[in-house]
Structure formats: structure tokens, C-alpha cells
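Because only heavy atoms are used, hydrogens play no part in the values below, and waters and symmetry mates are left out as well, while side chains stay in. Start at 1 and go down the list; that is how both ligands and their atoms are numbered.
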Amino acid sequence: MFETLQPMPADAILGLIAEHRDDPRPEKIDLGVGVYRDAEGRTPILNSVKKAERRLLDSQDSKAYLGTAGAPQFNAGIQDLTFADSVDAERLVTIQTPGGSGSLRVAAGLLLRARQSVSVWVSEPTWANHIPLLGGAGLELKPHPYYDTDRHVINVDAMLDTLRKAPVGDVVLLHACCHNPSGLDPTEDEWRAIVGVIAERELLPFIDMAYQGFARGVDEDAFVIRELAARVPELVVSNSCSKNFGLYRDRVGSLSFLAADAASRDVVSSQANNYVRTLYSMPPDHGAAVVSMILADAALRGEWLDEVTAMRARLEAMRSLLNDALQARNPSRDFSHLMRATGMFCFLGISPEEVQRLKKEFGVYMVDSSRINVAGITEQNVGYLADAIAAVV
Ligand code: LMR
């Protein structure tokens, strides 16, 4: 059986984890996978998470199955974090999923249960795993313009022109905040224009929110979701708690559907639960139990919000540190687009050959597109990093 299979290339993003780990050079720098790091280059467990885990250890008295939708308290907490009071809760259903990727995969399956063939418009570029994950599930992906690589801005007009021509009923996948890989999000006015076209063309918005809290704030980052909820009959939202709760390996995510009314919500809910049962049966519990404990406890929630604010501030500071260091070494080259991005990512704007040279000659790791995770920058390594970049461009 297996002799018919061919080996697959390493994942474009996850492959960098092992490459960096196996590099013996002490000065190596990892700007690859989207994982937060502190000033010492560590990815610590959040204090709010540690406290909730300790409490959970004492208070949890059963590991019995919770069912296909996971924990109701988690789902209610995430629904509130996502939608606040922007829409009638009777039209909403949220299920817990194994991470944001699990959520995207369940959404894809449900879309294909609803219709035999579904086209999804995705930004050019989008998260590298959107294509194999959603395409592999059977959705047809179509690119719409987004990032202007020459000017390092979002080309909202071109995006809107394309979406205006999209067939009624097509799906549009949007990044709620911290667009991955470019780090560039539409302004609130631009979001309103995008929402207007989606409503006019009767497109189904499908929002991926993997970085809530990392762009402007936990509420601010849900802006487009709440705008859409007030304007459109149906909406799909995938959430991830990997980054904002630092629960990467615990696989905590959720999938929410806004349906036209309570009766259709009930149908979508039963379909989602049935689909999950055929796929992975039930989501893992631990991380979601931690999140629901944090969200339900005022003190823990406050501490968590402060920790998210601190992570966001560090990312901003590191972006600015790198920009200054690059300016100092190469005044003729403009890297100021780094400062327009939010969250973990932005494009450095260098060629794949230059990316390879950084890796080979300097032990600096980033995705081939020159997407960097600014969390990998520290006060200690920024000088070496800027020297390396200046040497290859
Ligand atoms: C990333 O884009 O680096 C993260 O979302 C991690 C991943 O799974 O790709």
C-alpha cells in the first residue's frame, strides 16, 4: 500500500521550526512561525493561563466526554468576545474546535454540505495554509487583489472591483485583523466599503480571526465582524486562541455561525455537530477549559487583557526597533512599511534569494516570501539582524 506514496516537501512555515532548531550557530534568529516571544526570546505561558490551570487542577472533578460542541461556557465566552452585543444571540451558534485550523476545516465541510461546489475568494496573498487546508477539503479558491508588493499598501480599490464581479452566493474569506502574511489591515472606512460590497453582492463572509487583540485591542479587532453581523443575514467566523491566550499546542479554537433566524441556526448547529462527529468526534478540552475560566473570572480576565496589551506593545516596539536599525544602515532603502503593519507579521520586501542568503550566511530564518515574525526580534539581536539584512539587500 504505502510504497505507492511519494514523500512530501516540508511545510513552508512549520518546516522552519526544525531548521532553526537544528542550526548550531548561537547567533541564529527565528522570524518564522507565528509564535509570540518575549524580550528574552522565550514563549512563556501567560500568568492568567498558569493561574487558571492551577485552579483547574484543584477543581476539575471529571474528564468525561463533553460532546461534539465542547464546553458550553467556552462557547458562550468566545461568542461574547467575538460578537459582543452586535447581533441577536438567537441567530448565533458557536462550537469549540481543535484550534483555528480545525475550525476552518469544519467550516469548509459544512459549506460543502450546503452546496455541492463552493468558490471562496481569498486575498492575494493569504496565510500559506489556507490554500491546502480549504482547497484540500474541496473548496475552490479564487484570489482577489490585496497586497501591492511595490508600494507595500493594500489595494482596496482593486479588491473591491474584483468582489463586485463575484457571483452572488460566493464566499469571501477575510482576516479580521493582523492580516497574515502582510500585517496590513483595512481602515474602518475601508472595512465599511468592503462590508457594503459583500452585502450588495450577497456574498457569504467567512472571517478568520487568529490574532484578536494583537492589532488594536480585543474589541477593536472584531470591528469587521460586528459591522458584518449588523448588515448581512449569514456569517461564518473561525477563532483561534493559540496566539492571544498563548495556547498554541493545546489546540483551542471555535467556529461560529450567524444564521438568518433561530430556526436556521438550529439546523446549522445540528449539521455542524453531526459533521464534527464524522471528523474528530470531539475537540480537546484542557485549553478551552482554561480560556472559559479566564473569561468568566473578572480578575483573571483583567490580567489576561493586560497580558494581551503587553504582547501587542512589544510587537509594535520591535517593529519600530528594526525599522530604525535598518534606516541607520541603509538610508537609501525605505522600510517604513514595517511601521504600517500590526500584529506579528509583515513583509520585509526582499527576494527569495536574499531570504536564502540570510538563512545560509547568517542563520536568520523567515518564510520565503520574506514574511517576518517580529516577535523574534529582541534588543540584543536587532543589531545583528539589521547588519545581516543590510549585507544581503
Ligand atoms: C503562522 O502563520 O506562522 C501561524 O499561523 C502558524 C501556522 O500554523 O502556520
Side-chain angles (χ1 to χ4, degrees), residues 8-21 28-38 41-43 97-108 122-137 141 146-147 173-185 206-215 221 237-255 280 283-284 287 308 311-312 314-315 318-319 338 341-348 352 355 358-359 364-377:
M8 298 292 287
D11 182 83
I13 297 174
L14 300 184
L16 293 170
I17 298 176
E19 274 193 80
H20 175 264
R21 186 193 53 216
K28 64 188 175 180
I29 301 177
D30 184 4
L31 306 177
V33 69
V35 168
Y36 179 78
R37 292 207 186 78
D38 65 13
R42 293 176 312 217
T43 304
T97 57
S101 295
S103 170
L104 292 167
R105 182 61 183 77
V106 174
V122 296
S123 62
E124 173 58 44
T126 191
W127 176 43
N129 203 33
H130 273 150
I131 318 276
L133 194 161
L134 299 173
L141 301 181
Y146 191 80
Y147 188 70
L173 181 70
L174 301 168
H175 302 221
C177 58
C178 307
H179 180 266
N180 182 1
S182 73
L184 297 185
D185 296 330
F206 178 5
I207 316 295
D208 187 353
M209 181 155 65
Y211 297 87
Q212 186 176 10
F214 276 28
D221 291 354
V237 181
S238 285
N239 285 70
S240 168
C241 299
S242 293
K243 328 281 168 163
N244 53 7
F245 286 87
L247 287 164
Y248 308 89
R249 67 174 72 156
D250 281 332
R251 309 311 297 144
V252 193
S254 67
L255 175 60
Y280 52 78
V308 173
M311 290 193 278
R312 182 171 69 242
R314 196 183 110 71
L315 295 174
M318 291 306 105
R319 195 175 278 111
L338 299 186
T342 60
M344 284 188 185
F345 306 122
C346 54
F347 285 123
L348 211 45
V355 169
L358 280 173
K359 193 195 288 188
V364 173
Y365 290 79
M366 67 188 68
V367 183
D368 279 349
S369 61
S370 87
R371 184 198 81 168
I372 58 169
N373 171 13
V374 296
I377 304 170

### Counterpart residues, side-chain contact (heavy atoms from CB on, under 4.5 Å), relative to Lys359 (two or more places apart)
Leu16, Glu19, Gln356, Tyr365

### Task
Take the angle between the ring planes of Phe347 and Tyr147 and call it parallel below 30°, perpendicular above 60°, tilted in between.
tilted

### Task
Could you verify whether a donor N or O on one side chain and an acceptor N or O on the other, from Thr126 and His175, lie under 3.5 Å apart?
yes

### Query
Under 3.5 Å, is there a donor-acceptor pair between the side chain of Tyr36 and the main chain of Met344?
no

### Message
For Asp368, is there any backbone N or O sitting under 3.5 Å from a side-chain donor or acceptor partner on Arg371?
### Response
no

### Test item: Arg105 side-chain N/O and Leu133 main-chain N/O as donor-acceptor pair under 3.5 Å
no

### Task
Output the set of protein residues with a heavy-atom contact under 4.0 Å to ligand 1, ordered first by chain identifier and then by residue number.
Ile13, Val33, Gly34, Trp127, Asn180, Tyr211, Lys243, Phe345, Arg371

